[in-house]
Amino acid sequence: MGLSMLEKVDLSKRIDDKEYKDLVDKLEIKMGELQRKSWKMQLPIIVVFEGWHASGMSDIINRFILPMDPRGFRFHTATSPTDEEKLRPLLWRFWTKVPARGQVAIFDRSWYRRAIIEHIEKNNGKGLERCLQGIRSFERQLADDGYLIIKFFLHISKEKQQQRFKELEKNNGDLFIVGEDEVDYANEYETYLHTVEKILENTDSFRAPWTIVEANNRNFATVKIMTAFINAMEDKLKEVDYKSVTETTVDLFPKEDLPGIPSLKTSILARTDMEKTIDKKEYKKKKKDYQERLRHLQYELLKRQIPVIIIYEGWDASGKGGNIRRLAHRLNPRLYSVIPIGAPNDYEVSRHYLWRFLKEIPPAGRIAIFDRSWYGRVMVERVEQLCTENEWKRAYREINEFEAMLTDWNAVVVKFWLHIDQETQFERFQKRSETPHKQWKITQEDWRNRENWDAYREAVDEMLEKTSTTYAPWTIVEGNDKKYARIKAMKTVTEAIEEKLKS
């Protein structure tokens, strides 16, 4: 059999101390210049360090960060997850550490190390490809949003690793400043070699390429890392500078992947029966029944550690708030939260648009109800031209991948579009305007949005078509009759939870 990918790496490369000092002095100056330029041009950067235990990672990372302005970077070590992090998806704690534009995030081990230990080991290797697919999506989404991702794998030979183990143990070194779940990983070089190579091969892309660093000699490794960082920074800054000058928009997808907006003849919303109603007596009976069932179900969800994510989208005045209140009426407030979503603030705008939603994902066993959501990217941001055409077209795929990550984590995802017709909306607007205690609900922006009804309808139709999946389907709620809409929503949530508990 031939040599494997890592076995082909020439680990004899080295740089002596004198040459190292001459090279590093120049590299450090260049790194400082590029960091300041990246801040000025608002370029977000993620640097990932992975590698074998005893590869000298802590020393090499320290050499790497010393020339940088500490005000411009954050350092993260991916150790064993906290109790809070264990209740979230694998990538949640890394999404929450995504840097703002102009900042650098440096990861001392990352989602790759945690994927090996948490996902592969605990599941006997099952689901590796699914895990890697989620990682590829995560990195691609960030890269598409303008992030520069630089990944280093510090490679040493098994012999060098064993030699360093002995030195560290003899000198009471910091080798075993690792979690208990990493001890096997530290000592089983041959066992993990194939898995590591598979991960490197399957997550190497032009958006987020791997650089294999020969780390038997730390001087050589440091120089190679600094040089690769500088080269990647220069290339990316040229690209950003070019885009800012030309202001051109590049279509990131082939045309066949972007079907046109559905015609009104085949409109999903146009086929909705808006005459559905429910009488008052039946409404009261069913409301009480579903509220009681949901109260009991939330304790079963907690017991089984199953998270539930409920998304409410719909027209202005479609009754989202009242619907949510009835749904949550009997729930234990310790086990659910309602997350109202408005326009992003400056802090949120400085990161990937999904970032502010990721941090609101509930822990396992809890219920999160989103009053509007990440779908703003393909509705209001699209119609009001608050993002580019490429960004909202790209978002369909990103949202589907995001929701796939949630359902892979065992979450129940329920999505509602509360639909009303124009006449009903106008009547409700008028009533709000004429009722003193409801006037706060109506704004000039609501009236202005009515003028864009057709544009919003087209956007909603395309959203429903492209983001209704088997794992996170849309439910259109006929909302002209508020009572009917409330019962349908409670029924849908109840049945989705009960079906999940059965399976």
Side-chain angles (χ1 to χ4, degrees), residues 81-98 111 114 118-119 134 137-138 141 290-291 293-313 320-321 323-342 344 347-348 351-377 398-416 467 469 471-475 489-490 492-501 503:
T82 63
D83 290 341
E84 174 73 8
E85 291 168 340
K86 288 176 182 177
L87 296 175
R88 298 305 205 292
L90 170 69
L91 290 172
W92 178 83
R93 61 188 179 279
F94 302 109
W95 261 113
T96 57
K97 295 177 177 64
V98 166
W111 40 95
R114 300 315 309 174
E118 294 170 38
H119 192 93
S137 298
F138 169 60
Q141 289 173 14
Y290 284 122
Q291 287 175 343
R293 285 165 68 181
L294 285 168
R295 179 171 177 80
H296 289 294
L297 286 171
Q298 70 173 343
Y299 295 111
E300 192 63 27
L301 291 169
L302 178 65
K303 178 181 176 182
R304 300 202 198 178
Q305 294 289 278
I306 297 173
V308 176
I309 298 164
I310 304 167
I311 299 157
Y312 276 88
E313 294 285 358
K320 293 184 293 296
N323 204 300
I324 292 170
R325 284 197 298 275
R326 272 67 179 188
L327 179 73
H329 182 70
R330 293 276 290 146
L331 297 181
N332 185 327
R334 295 177 178 175
L335 301 179
Y336 84 92
S337 58
V338 177
I339 300 101
I341 300 298
Y347 187 76
E348 293 165 337
R351 290 167 171 79
H352 191 284
Y353 78 97
L354 286 175
W355 176 84
R356 66 179 177 135
F357 304 108
L358 257 298
K359 64 186 181 69
E360 299 290 353
I361 294 303
R366 266 64 170 184
I367 299 171
I369 305 170
F370 284 86
D371 183 357
R372 300 195 186 278
S373 68
W374 41 92
Y375 283 97
R377 172 57 56 114
E398 294 173 340
I399 287 170
N400 287 339
E401 291 170 338
F402 171 50
E403 292 174 354
M405 178 192 75
L406 297 176
T407 54
D408 284 348
W409 171 52
N410 207 33
V412 177
V413 178
V414 181
K415 304 185 301 192
F416 294 122
T467 60
T469 58
Y471 49 85
W474 278 102
T475 297
M490 285 190 282
T492 302
V493 173
T494 301
E495 291 179 350
I497 294 173
E498 289 176 339
E499 183 63 30
K500 181 67 174 181
L501 292 172
S503 63

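Computed from heavy atoms alone, side chains included, the values below leave out hydrogens, waters and symmetry copies. Computed from a predicted structure; not experimentally measured.
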**Prompt:** How about Asn323 and Met490: do any of their side-chain heavy atoms sit closer than 4.5 Å?
**Reply:** no
**Request:** Go through Tyr471 and Asn400 one step at a time and tell me if the side chain to side chain contact (heavy atoms under 4.5 Å, CB included) criterion holds.
**Result:** CA-CA 9 Å; Tyr471 49 85; Asn400 287 339; 3.7 Å; yes
**Prompt:** Roughly how far, to the nearest 0.5 Å, is OG of Ser373 from CZ of Arg356?
**Reply:** 9.5 Å
**Item:** Parallel, tilted or perpendicular: rings of Tyr312 and Phe416 (30°, 60°)
**Value:** tilted
**Prompt:** What's the verdict on side chain to side chain contact (heavy atoms under 4.5 Å, CB included) for Leu331 and Leu294, showing C-alpha distance, side-chain angles and the deciding distance?
**Reply:** CA-CA 7 Å; Leu331 297 181; Leu294 285 168; 4.1 Å; yes
**Request:** Go through the steps to decide whether Phe402 and Trp374 satisfy the test ring pair (Phe, Tyr, Trp, His ring centres under 6.0 Å), and finish with yes or no.
**Result:** CA-CA 10 Å; Phe402 171 50; Trp374 41 92; 4.8 Å; yes
**Distance-minimising heavy-atom pair for Ala364 and Trp409** = N-CZ2, 3.9 Å
**Message:** Between Arg293 and Glu498 (salt bridge meaning N to carboxylate O under 4.0 Å), is one present in this structure?
**Reply:** yes
**Request:** Assess whether salt bridge (charged side-chain N to carboxylate O under 4.0 Å, His left out) is satisfied between Lys320 and Glu313, documenting all intermediate values.
**Result:** CA-CA 7 Å; Lys320 293 184 293 296; Glu313 294 285 358; over 6 Å; no
**Prompt:** Can you check whether Tyr375 and Trp474 have ring centres sitting under 6.0 Å from each other?
**Reply:** yes
**Prompt:** Are any non-hydrogen side-chain atoms of Val308 and Leu301 less than 4.5 angstrom apart?
**Reply:** yes
**Request:** Scan side-chain atoms only and decide if Asn332 and Tyr299 contain a donor-acceptor pair under the 3.5 Å cut-off.
**Result:** yes
**Item:** Heavy-atom side-chain proximity of Tyr290 to Leu327 below 4.5 angstrom
**Value:** no
**Prompt:** CZ of Arg295 to CZ of Arg330: how many Å apart, nearest 0.5 Å?
**Reply:** 5.0 Å
**Request:** Mind listing the closest non-hydrogen atom pair of Lys86 and Pro81 along with its distance?
**Result:** CE-O, 3.6 Å
**Asked** Pro362 versus Ile309: any side-chain heavy-atom pair under 4.5 Å?
**Response** yes
**Asked** Where do Ile361 and Trp95 land on the side chain to side chain contact (heavy atoms under 4.5 Å, CB included) test, with the steps shown first?
**Response** CA-CA 11 Å; Ile361 294 303; Trp95 261 113; over 6 Å; no
**Prompt:** Do Lys415 and Glu403 meet the salt-bridge criterion of a basic N to acidic O distance under 4.0 Å?
**Reply:** yes
**Nearest-0.5 Å distance, CD1 of residue Ile369 to CD1 of residue Ile310** = 5.0 Å
**Request:** To the nearest 0.5 angstrom, please state how far the CG atom of Leu501 sits from the CD1 atom of Ile306.
**Result:** 5.0 Å
**Prompt:** Are any of the side-chain heavy atoms of Ile339 and Asp371 separated by less than 4.5 Å?
**Reply:** no
**Prompt:** Would Lys359 count as a cation-pi partner of Trp355, with NZ or CZ less than 6.0 Å from the six-membered ring centre and within 45° of the ring normal?
**Reply:** yes
**Message:** Could you check whether any side-chain N or O of Trp111 sits under 3.5 Å from a backbone N or O of Phe94, counting only pairs where one atom can act as donor and the other as acceptor?
**Reply:** no
**Separation of Met405 CE from Leu90 CG (nearest 0.5 Å)** = 9.0 Å
**Prompt:** Is it true that the side chains of Glu398 and Tyr353 contain a donor and an acceptor less than 3.5 Å apart?
**Reply:** yes
**Request:** Would you mind telling me which of Arg304, Lys303, Gln298, His296 makes a side-chain hydrogen bond (donor to acceptor under 3.5 Å, both in side chains) with Glu300?
**Result:** Arg304
**Prompt:** Rounded to the nearest 0.5 Å, what separation is found between the CZ atom of Arg88 and the CD atom of Glu85?
**Reply:** 9.0 Å
**Message:** A cation-pi test, strictly: NZ or CZ of Arg351 under 6.0 Å from the centre of the six-membered ring of Tyr347 and no more than 45 degrees from its axis. Yes or no?
**Reply:** yes
**Audit row: Val412, Thr407, side chain to side chain contact (heavy atoms under 4.5 Å, CB included) steps and yes/no** = CA-CA 6 Å; Val412 177; Thr407 54; over 6 Å; no
